[in-house]
Every structure is written in C-alpha cells, then in structure tokens.
Amino acid sequence: GSAKVVVIGGGYGGATAAKYVRLLSDQRIDVVLIEPQASFVSCPISNLVVGGTQTLGDLTTSYDALATRHGVRIVRDTASRIDATARTVTLASGATIRYDKLVLSPGIELMFDGVQGLREAQASGQILQAWKAGPETLALRRQLEALPDGGVYAIAIPEAPFRCPPGPYERASVVAAYFKRAKPRSKVLILDANQDVVSKAALFKKAWAELYPGMVEYRPQHKAVGVDPRTGTIKFDVQDDVKADVLNVLPPMRAGAIAVQTGLANANARWCQVDYQTFESTAAKHIHVLGDSIQVAPLMPKSGHMANSHGKVAAAAIVAQLMDIEINPRPMLTNTCYSFVDEKHVIHVASVHEYVAAEKTFKTVAGSGGVSAARNEAEAGFAMAWARNIWADTLG
Ligand code: FAD
C-alpha cells in the first residue's frame, strides 16, 4: 500500500504539515490527522476577544477543506501513546494506527506545578490563562466584563521562552483599551518574570505611556511562585505580594504532554530538540516535531507563523524520504507577529531565519526583519490580512 504519515495535532504546525504532505506528494502519500477539537480556533487574534472587539467565531475555521480538498483523513481523537519502535500511535478511544512517518505538533503544556495553588485555582475557574484559544478566552472576557470600574487586572508572565513572546503585552494593551472605553478608573498590572518586555519593548512601553497614562503599570523581575484565589493574591520569589481582582497568571510552559511522555523533550526536559534541516526529533527516528514544542535556535519565536513554516520544511523532508527523492534542504523560515496596542493601532516584529549547514542551526539573515517605526492604523489591516492568509494556507 501507499506510505502513511500520521499527524498529531491540527494546529498551526500539524495542519500545515498534513496539507503540504498531500500537496507535495501529489496525494500519493496517505495522511491521517489526529485532533480532538471539532474545528480550529486561532490563538492569534484571540486577544481581541479578550478585549471585546472580536468573537470566537471570527477565529474559528473548519477542518473540512483539509478532508474534502486535500484528502487528509481526520480522526477526532486524542493520541494517548506513541510507540517509536513499533511506529504506532494509540488513541484515547483505544484504536492503534501505524505510521511510516509521524508529525507531532501538540503545542504547549502549561506547567501548573511551577506556581503553587494555580492548578486548583485554574480547575475551579477562578484564575485563568486563556493561552489556548477557546472557552477560557470567553471566560476571561466575562471576568473582565464583571469587573467593577476601579478594579485591577493583573497578568503574570513567566520567564522566556514561552508561547508567543509579544502575546502577554498585547493582551495587557487591549485590556487597557477596553478599560479606557468602559471602566476608566480600572488598572492593568503587568508582572513580568523577565528583566524587560520580551518583544517590541520600546513600542509597547511608548503605547502604555501615551495611550494609558496612569492605567498600565509594568513591573519587571516579578516571578510568580504562588497564588491565593480567595484573597486575589499573587506571590513572587523576591518581590512583595500583589493583589488584584482579575488574575491572569501564565505559568512556565513546555512541549505538549504527548511529546514529553514519549521522551522527546530532550532539551532541559522541556522542549524537543530537532534536526533543523528536517525537523526530525534527535531522540527518535521517523518522528518530526513542529511548532511551540521544539527547542528553538536563538531569536526564533514560538509563533503560529513559525509553526506554519516548520510544517512546510518537515513536509518536504518527509515526502523526499518516502518517495526516494534526493534533497539537501537549506530551509528558510519567516516570521511576523502583529500586536494590537488598542482597537486600531498595531505594531509588528518580523524576521527571516536561514539554515546554516556548517553549524546545523538557524541564524537570522542580516538586514532582514525589524519592528514598526511607530504604532499605526495601516498595520491593523495588515494584521487581519495576515490572519486570513495564514488560516487559508494552513487549512484551506
Ligand atoms: P497549536 O496551534 O496549539 O496546535 C496544537 C494542537 O494539537 C491543538 O489543536 C491541540 O488540540 C492538539 N493536540 C495536543 N495534544 C494532542 C494529542 N495528544 N492528540 C491529538 N491532538 C493533540 N502566533 C503568531 O504567529 N502570531 C500571533 O499574532 C500570535 N498571537 C498569539 C496570541 C495569543 C494570546 C497566544 C496564546 C498565542 C499567539 N500566537 C501567535 C502563538 C501561536 O498560537 C502558537 O505559536 C501556535 O499555535 C503554535 O502552533 P502549534 O502547532 O505548535 O500548536
């Protein structure tokens, strides 16, 4: 029979890989995509749902085109076990699927144990993350709507690396924009474990100072180590406790649980080291890991745009191997992350990363990329166009 590729995770990395294996093999390689969610809900743009200017429906795309247009077999289930020797995946339903090549793009696992009390506070719905778009995004929005004017929203940010370097700062900004419209005596506290804003620092700080004077407060070197939802308290390793009404505490993150369980998280027991030419795991043959789960080279962000790029590089490598095509890839990855600083002003960061064979790593191309000169309205249009394009490229 034909060769078979199994993809675990229909997010930015996995869905792209599934589609591009079908395209690059002229549909000669069978692709099975395992994903528990009924449809794709994008994290990019989800901060606007928190801020109240978009709906979850605006971020949702069906998996139908992958099936009907590209012939990807979609299995709505969760992968519970991988046997890298037998080359099988066992599903939560109990079925077992054999693969020739496995693509693993399970996103992130939130390490709740890194912040005392957070697991229970999250389970009871009191302290949310909303770092995977879906019901929690709406729940956080409801907490903000219920906040009286004069209340305090606090977001705690873990040490880098984490999913979406500019994401927490964008969220703080659009929450401030909502407060400015609807409850102007309220406050936004940004409690950051890092030394400084991790992405677009100067642009974010300028936006906070100019758009939200006295409303947004940024505190670096605040590493959250505990929470008490009863008193609305966040505890830090060094600094004094902070109290707030809506607590949005992001714990440290690592590779998706299935990657960790399979023994693929061989970088600091958190991220999966891959061969950057093919995205094949350095811990297991025939398994390609993509997206947020991988150990990145310096300056490579954990972004949807990057995960989509990884998906194409891995698809090309897999198709070449399964169809006996000799290639010596020198992949190029691109990235753009747009961030809304209010309802209509946006800033971006962009970069291009090339594979340097002599060092077996990715390096940013000199002179590529950069950040916006200043926040501006034109980029709000570009940001929405970027989202529509990447959804079409990943799922269309
Ligand atoms: P995901 O897209 O999360 O996909 C993982 C999928 O795997 C999920 O669908 C999950 O259900 C599935 N899965 C997990 N485990 C299993 C299993 N065992 N079996 C089967 N399926 C499984 N990036 C940008 O480029 N631009 C932005 O503007 C941007 N904004 C962001 C804003 C926010 C608030 C957040 C949180 C993130 C943002 N990102 C942005 C980052 C982006 O969302 C991630 O980098 C991207 O989703 C990573 O893709 P992935 O394939 O690794 O994981």
Side-chain angles (χ1 to χ4, degrees), residues 6-18 32-51 59 63 74-82 89-93 97 102-110 129-134 136-137 140 155 161-172 174 199 248 250 253 255-262 271-272 279 289-294 296 300-311 314 334-340 346-351 382-384 386-387 389-391 394-395:
V6 172
V7 179
I8 297 177
Y12 279 93
T16 304
V32 177
L33 173 64
I34 303 164
E35 167 61 53
Q37 305 295 328
S39 39
F40 172 98
V41 183
S42 175
C43 284
I45 313 296
S46 70
N47 280 332
L48 298 187
V49 177
V50 176
L59 318 179
Y63 284 116
I74 295 167
V75 175
R76 190 164 169 203
D77 208 332
T78 300
S80 55
R81 209 177 83 83
I82 297 165
V89 178
T90 304
L91 306 180
S93 62
I97 307 181
L102 180 67
V103 175
L104 193 53
S105 195
I108 48 153
E109 180 184 359
L110 298 168
Q129 288 70 47
W131 220 239
K132 298 180 185 182
E136 259 201 42
T137 314
L140 179 60
I155 182 165
F162 51 82
R163 159 175 283 186
C164 194
Y169 311 103
E170 177 189 59
R171 178 169 294 171
V174 296
S199 177
N248 187 188
L250 305 176
M253 300 169 199
I258 183 78
V260 176
Q261 280 164 34
T262 310
W271 309 108
C272 304
F279 287 80
V289 188
L290 313 179
D292 289 352
S293 281
I294 72 160
V296 289
M300 275 168 65
K302 293 188 181 293
S303 75
H305 196 144
M306 284 300 251
N308 169 275
S309 278
H310 302 169
T334 57
N335 188 68
T336 313
C337 284
Y338 292 97
S339 301
F340 284 78
V346 166
I347 57 181
H348 81 268
V349 57
S351 52
F382 300 160
M384 297 313 296
W386 171 90
N389 275 314
I390 201 156
W391 296 337
T394 303
L395 301 151

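Every number for a ligand or one of its atoms is a count from 1 in the order of the listing. Quick caveat, the model's predicted, so the values are computed rather than measured.
With rounding to the nearest 0.5 Å, the separation of CD in E170 from SG in C164 is 7.0 Å. Taking OG from S199 and CD1 from I347, the interatomic distance works out to 7.5 Å, rounded to the nearest 0.5 Å. Note: I8 CD1 to L290 CG = 11.5 Å, rounded to the nearest 0.5 Å. To the nearest 0.5 Å, atom CD of residue Q37 and atom OH of residue Y63 are 7.0 Å apart. The OG1 atom of T334 sits 8.0 Å away from atom CE of M306, with the distance rounded to the nearest 0.5 Å. With rounding to the nearest 0.5 Å, the separation of CD1 in I294 from NE2 in H310 is 4.0 Å.
The nearest heavy-atom contact from the protein to atom 50 (P) of ligand 1 is S105 OG, 3.7 Å. Looking only at heavy atoms of the protein, atom 43 (O) of ligand 1 is closest to C43 CB, 3.1 Å. Nearest protein neighbour of atom 19 (N) of ligand 1, counting heavy atoms only, is A79 N, 2.9 Å. Summary of contacts: the protein heavy atom closest to atom 14 (C) of ligand 1 is P106 O, 3.4 Å. Among all protein heavy atoms, the one lying closest to atom 3 (O) of ligand 1 is R163 NH2, 2.7 Å. Among protein heavy atoms, the minimum distance from atom 24 (C) of ligand 1 is reached at G304 N, 3.4 Å. Remark: minimum distance from atom 34 (C) of ligand 1 to any protein heavy atom is reached at N47 OD1, 3.5 Å. Annotation: atom 2 (O) of ligand 1 to nearest protein heavy atom, Y12 N, 3.2 Å.
Closest heavy-atom approach to atom 29 (C) of ligand 1 among the candidates P44, G9, S80: P44.
Close approach of ligand 1 to G291 is summarised as follows: ligand atoms under 4.0 Å from at least one heavy atom of the residue are 52 (O). Close contacts of ligand 1 with G13, meaning ligand atoms under 4.0 Å from a residue heavy atom, involve 51 (O). Atoms of ligand 1 found under 4.0 Å from any heavy atom of I34, numbered from 1 in the order shown, are 20 (C), 21 (N). Residue contact check: K302 has heavy atoms under 4.0 Å from atoms 45 (O) of ligand 1. Counting atoms of ligand 1 from 1 in the listed order, those under 4.0 Å from a heavy atom of I8 are 17 (C), 19 (N), 20 (C). Less than 4.0 angstrom separates some heavy atom of I258 from each of these atoms of ligand 1: 18 (N). Heavy-atom proximity to S46, at under 4.0 Å, picks out these atoms of ligand 1: 34 (C).
Between S293 and L104 the shortest side-chain heavy-atom distance does not fall below 4.5 Å. C43 is not listed as a side-chain neighbour of W131, based on a closest heavy-atom distance of 4.5 Å or more. Taking the side chain as every heavy atom from C-beta outward, F340 and L48 approach each other to under 4.5 Å. Using a 4.5 Å cut-off on side-chain heavy atoms (C-beta onward), N308 and W391 make no contact.
When all heavy atoms of A383 and I45 are compared, the closest pair comes out as O-CD1, 4.4 Å.
In this model, a donor atom of one side chain and an acceptor atom of the other lie less than 3.5 Å apart for W386 and H305. At a cut-off of 3.5 Å, with distance as the only test, no side-chain donor of S303 or Y12 sits close to an acceptor on the other residue.
Distances from ligand 1 to the non-hydrogen atoms of P36 include at least one value under 4.0 Å. In this structure, G167 falls outside the shell of residues with a heavy atom less than 4.0 angstrom from ligand 1.
Proximity of F162 to ligand 1, defined as any heavy-atom pair under 4.0 Å, is not found for any part of the residue. At a heavy-atom cutoff of 4.0 Å, ligand 1 is contacted by no atom of A257, backbone or side chain. Contact annotation: for A307 versus ligand 1, heavy atoms closer than 4.0 Å belong to the side chain alone.
Annotation: A130 places no N or O atom under 3.5 Å from an N or O atom of ligand 1; distance criterion only. Some N or O of H305 is nearer than 3.5 Å to an N or O of ligand 1, by distance alone. Distances between N or O atoms of W386 and those of ligand 1 include no value under 3.5 Å. Close N/O approach between E35 and ligand 1 is found [any backbone or side-chain N/O within under 3.5 Å]. Considering backbone and side-chain atoms together, D292 places an N or O closer than 3.5 Å to an N or O of ligand 1. Ligand 1 has no N or O atom lying under 3.5 Å from any N or O atom of T78, backbone or side chain.
Of the possible polar contacts, none joining the S42 side chain to the L59 backbone as a donor-acceptor pair under 3.5 Å is found. Checking side-chain atoms of T394 against main-chain N and O of A15 turns up no donor-acceptor pair under 3.5 Å. Counting only distance, with no hydrogens or angles, the side chain of N248 and the backbone of Q129 share a donor-acceptor pair below 3.5 Å.
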